[in-house]
Amino acid sequence: MQETYDAAKIEKKWQKYWLDKKIFETNNSTSENKYYCLVMFPYPSAALHVGHGRNYIIGDVVARYKMLHGYHVLTPMGWDAFGLPAENAAIKNNIHPKISTLNNIKKMKEQLREWGVCYDWKREVTSCLPNYYKWTQWLFLKLYENGLAYKNFAYVNWCPSCKTVLANEQVIGDGVCERCSSGVSKKPLDQWFFKITDYAERLLQDLDKLDNWPTRVKTMQRNWIGKSTGVELNFFIEDFDTTLKCFTTRIDTIFGVTFMVIAPEHPLVEKIIEISPEKEKIKSFVQSVMKESEQERMSETEKRGVNTGIRITNPVTKEKIPLWISDYVLMGYGTGAIMAVPAHDQRDFEFAKKYDLPIKIVIQPKDKEIVSSKEMAASWEAEGLQVNSGQFDGLHTDVSKDKMADFVEENEIGKRTINYRLRDWLISRQRFWGAPIPIIYCDKCGTVPVPVKDLPVILPEDVDFKPTGESPLSYVKEFYDTTCPKCNGKAKRDTETMDTFVDSSWYYLRYINPNDENSPFNTDDVNKWLPVDQYIGGIEHAILHLLYSRFITKVLFDCKHTGFDEPFANLFTQGMICKKSPTTGKLEKMSKSKGNVVSPDALINKYGADTVRLYTLFIGPPEKDAEWSDQGVEGASRFLKRCWRMFSENIDSIKEYLSTKKEIEDSLLSQKEKDLYVKLNKTVKKITESIENGFHFNTAIASIMEFFNDLTEYIRSSDNTATIVIGKSCANIIILLAPFVPHFSEEIWSILTDKGSSVFKADWPKYDERYLIEDIIEIPVQINGKLRGVVSATQYTTQEEIFELCKKNDNIVKYIKDKIIKKKIYVPKKLLNLVVV
RNA sequence: GCCGGAGUGGCGGAACUGGCAGACGCGCUGGACUCAAAAUCCAGUGACGGUAACGUCAUGAGGGUUCGAUUCCCUCCUCCGGCACCA
């Protein structure tokens, strides 16, 4: 064995070995005792930094750890290869997105290999290639066939910088684009939607099944779906001889409605303008609101409105109330119309105050009385007793809510309804680098889906894809000119492409049968491997990707293509790696634009991949953000060097143990050896638990280091260093380290076993229950809760015996002599507390 | 405003179910080796007092429950994330 640890030399060797021996390849026929370990497939961008690395390293550790437990581990990788960055880069550098994307993939694969991160590459998928997007198009047709894909003319989110529309989920914060942070505006367009709202209730309910998802993610999805229960009421408008539907969660306030408000986009607005004597005033108000961007509208806190002059009948009280138009009512939620109850809704209250509209109190708080509406400083939104509410007077709102809903339903003026905040998923994009929507428009036959046998609809390569706001494909005659699959007449293709989140909503299924030319996946195979046992990725996908994937899985389940309705059984979201940014001066997520990236290349050159891996895992709990420190890497490197030396100095003991696997016999152990052996067993237990319990690799590694320090100390101070305990300790450390520093462990293992067998074929060490308690345990003794001394005992020492020992401890005696001992609290094997006065 | 999560040495972070706060690592200090440096090894390292034994204080702040609280409860402060004119 070589004296010093030479990472560069051994790492290349083992990377080749893993590839050649295909130890990460998994067969669909061996899926019993299966473990599907999945890392979110990345967008292939140019160069990876150590922040990206954390994600892949965690996945790799999990896969290797499970292998050591004898699982058939499926650990595939692929590329979310369609998308805007490649297209934008292409425009800037004049390289075709396909070329730059495939180049980036090549580079990234190389980097992953250098990190020692391994996958079953035989299953690689690339979403921008026709053999993949053919099935993305198939998925579209499936949804279309089931009435879950529809085209609709609507006000949609438009990003002026990306020059494309966006799904609601892609508009974040105060109305900015998820990708480029530009302010998003509204644009009326005819677009394709997936009917995710049909699945709102199931997407919400089934979150309860996901016990092993972070609560944070589930909460975010719950908020996003935004379920609220209430009543939909019909208000009659005489002028139009029609009813205005309006949703409320506060039917108990129906007697307090003093006006109605509709959104500026509400379809009724047009009709009102036609007949209103004040049409100019209304028109100019609506126009001034509509021309504002989402961002401007949202930042506007002052509510603005205009009276339409139209009067509406409250269906319960029969009162006539005015109809207003205001920007504080959103067309996107409920029906775009509200009943305003200024006394019991703060927004309505502010609006009423501004425009001097009446305020009518219908709920009195129990303990204090609201004197008069004129003196009200704010609305009363909480519960109370009904007043001015006809036959409901005196009822508590808990009761009246139900009674009033009954009344509404009995009189057929409305019905109980559930409303969701979730909107349908807009999937059309006016960009080039995506999967074409497989739809043909025929003058005779209308909208005709492309027959499955004609898939894929190939994305043409020679296209001028400068973003104009129109889809680039709409300028490619050879692409859009086609014949109708129904009547064979002249027809035109849809020229828009699909949101890349459609590509990524099903890729985890394609890994199972990546080369199947006749179907996206094989149902039996998929049912064997899925749900994914462990999904690993960034928190930024909490809503977008994870919600869409859950939706698509449920659709495929309903179509009987799969036998499971949730794709990911366990989800782990890792924290970001941060570093102080020289541009902002703050701690920021590692990114090129912040100028704070650390490239793995130089570090791997200097220390080796195992050192970088070890440090990345040791940096902190993996679910939390962490700050990168180049000095910290130094510590990891030192530890591996010390380990190497330890193994090379004790090579004979380890070989001896490995060749005989001799049982440790209590009677043959010296006390010091036994203490060390107990420590080894405790360490194995602790490490295993740290990993099983939330992937706490940081504490697992700390435990290995701690045991290693004890072992070093033992060897230094002992005469007998050729012992089986040392052999077993070292052999166990090698395997315990293997998931974290695989090249290192493989190399040592191969030297010690001479069998050319991979350490990943070995078994994870087991601990022996009989060796978890030390012979001598230190019992801390407290007096009145303060530590005053420590006595040595064994696990059999009784409370009384420990108390007797205390009387021999000078410092403890100091505190108990001349005192009355009121109480003795003994926690077996842990602590003794004496309460004295 | 609402809903999550967090706040512990000079730094990253440990602490099972309420039981010795600061594991492990970084940094720092001193020492050994060396002509010297690097590397390595050894010792020390929360603050204050003390030569020391030891004592007092200390887990964002303030209260409470308890023999005992980083851990449980209440009030408040700060930071991060999500949602937010959602009727």
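These numbers come from the heavy atoms of this one structure, side chains and all, not from hydrogens, waters or symmetry mates. The model shown is predicted, which means the values in this text are computed figures rather than measured ones. Labels below follow one simple rule: chain letters A, B, ... track the order of the sequence lines, proteins then strands, and each chain is numbered from 1.
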Inspect the contact between E201(A) and K227(A) and indicate whether a charged nitrogen and a carboxylate oxygen are less than 4.0 angstrom apart. yes
salt_bridge(K682(A), E706(A)) N-O dist < 4.0 Å: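 Looking at K682(A) and E706(A), the cut-off is not met.
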Do K303(A)'s NZ or CZ and the ring of Y328(A) fall within the cation-pi criteria of under 6.0 Å and 45°? yes
Is the positively charged end of K245(A) above the ring of F235(A), judged by distance under 6.0 angstrom from the centroid and angle within 45° of the axis?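 Not flagged: K245(A) not positioned over aromatic ring of F235(A).
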NA contact type, N698(A), heavy-atom cut-off 4.0 Å: base, sugar-phosphate, or nothing?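 Sugar-phosphate, backbone atoms only, no base.
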Under 4.0 angstrom, heavy atoms only, what part of the nucleic acid is V781(A) near: base, sugar-phosphate, or nothing? nothing
State which residues pass ring-ring contact (aromatic ring centres under 6.0 Å, His included) with [X]; sequence neighbours excluded, sorted by chain then number.
| X | value |
| --- | --- |
| F639(A) | F708(A) |
| Y826(A) | none |
| Y771(A) | Y677(A) |

Just wondering, are more than 12 heavy atoms of other shown residues or ligands nearer than 6.0 Å to CZ in R423(A)?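 Correct, the count exceeds 12.
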Check this for me: K353(A), atom NZ, are more than 12 non-hydrogen atoms of other residues, nucleotides or ligands nearer than 6.0 Å?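 Result for NZ/K353(A): enclosed.
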Determine whether the side chains of [X] and [Y] contain a donor N or O and an acceptor N or O closer than 3.5 Å.
| X | Y | value |
| --- | --- | --- |
| R421(A) | N168(A) | no |
| S792(A) | E778(A) | yes |
| Y333(A) | S228(A) | yes |

Here's a test of your reading of the structure: between I825(A) and A626(A), which maps to the more 5' nucleotide of RNA chain B?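 That would be A626(A).
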Both T699(A) and P780(A) contact RNA chain B. Which one's nearest nucleotide lies toward the 5' end? T699(A)
When the [atom1] atoms of [N] and [M] are considered, how many whole Å apart are they?
| N | M | atom1 | value |
| --- | --- | --- | --- |
| C42(B) | C54(B) | P | 26 Å |
| A58(B) | G46(B) | C1' | 8 Å |
| U59(B) | U78(B) | C1' | 16 Å |
| G60(B) | U71(B) | P | 8 Å |
| U65(B) | C74(B) | C1' | 11 Å |
| C80(B) | G13(B) | P | 16 Å |
| C83(B) | U45(B) | P | 48 Å |
| G7(B) | U70(B) | C1' | 11 Å |

To the nearest Å, give me how far apart [atom1] ([X]) and [atom2] ([N]) are.
| X | N | atom1 | atom2 | answer |
| --- | --- | --- | --- | --- |
| Q799(A) | C67(B) | CD | C1' | 13 Å |
| D625(A) | G4(B) | CG | P | 20 Å |
| Y333(A) | C83(B) | OH | P | 16 Å |
| E623(A) | G13(B) | CD | C1' | 12 Å |
| L330(A) | A84(B) | CG | P | 10 Å |
| I172(A) | A84(B) | CD1 | P | 11 Å |
| E689(A) | U17(B) | CD | P | 11 Å |
| H344(A) | A87(B) | NE2 | P | 17 Å |

side-chain hydrogen bond (donor to acceptor under 3.5 Å, both in side chains) pairs, two or more places apart, involving residues 630-639 of chain A: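 Qualifying pairs, neighbours excluded: Y607(A)-E634(A), W628(A)-D630(A).
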Proximity to RNA chain B (any heavy atom under 4.0 Å), residues of residues 217-235 of chain A only: T219(A), M220(A), W224(A), S228(A)
Where along residues 829-837 of chain A does a heavy atom fall under 4.0 Å from RNA chain B? K830(A), L831(A), N833(A), V835(A)
Run through RNA chain B and report every stem of 3 or more consecutive Watson-Crick or G-U pairs, distances under 3.5 Å, ordered by first number.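 Consecutive-pair runs (3 or more) involving RNA chain B: B:1-7 with B:77-83, B:10-12 with B:24-26, B:27-32 with B:40-45, B:46-49 with B:54-57, B:60-64 with B:72-76.
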If you check every side-chain atom of D327(A), which of C85(B), C20(B), C67(B) has the closest atom? C85(B)
Does G9(B) sit syn or anti, given that only angles within 90° of 0 count as syn? syn
Excluding sequence neighbours, so at least two apart, what forms side chain to side chain donor-acceptor pair (under 3.5 Å) with [X]?
| X | answer |
| --- | --- |
| S690(A) | T699(A) |
| D424(A) | Y150(A), T197(A) |
| N681(A) | none |

Rounded at 0.5 Å granularity, tell me how far CD1 in I783(A) sits from SG in C806(A). 6.5 Å
Report yes if at least one side-chain N or O of R421(A) is closer than 4.0 Å to OP1 or OP2 of A87(B); otherwise report no. no
Do K303(A) and C85(B) share a donor-acceptor pair, side chain to base, under 3.5 Å?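 Present.
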At under 4.0 Å between heavy atoms, which parts of nucleotides 24-32 of chain B does protein reach? Answer with one letter per nucleotide, 5' to 3': B base, S sugar-phosphate only, - none. BSSS-----
Could you write nucleotides 49-57 of chain B as a row of B, S and -, 5' to 3', where a protein heavy atom under 4.0 Å of any base atom gives B, of only sugar-phosphate atoms gives S, and otherwise -? -----SSSS
Could you give me the CA-CA distance, side-chain angles and deciding distance for F697(A) and F695(A), then say whether ring pair (Phe, Tyr, Trp, His ring centres under 6.0 Å) is met? CA-CA 6 Å; F697(A) 308 119; F695(A) 299 140; 5.7 Å; yes
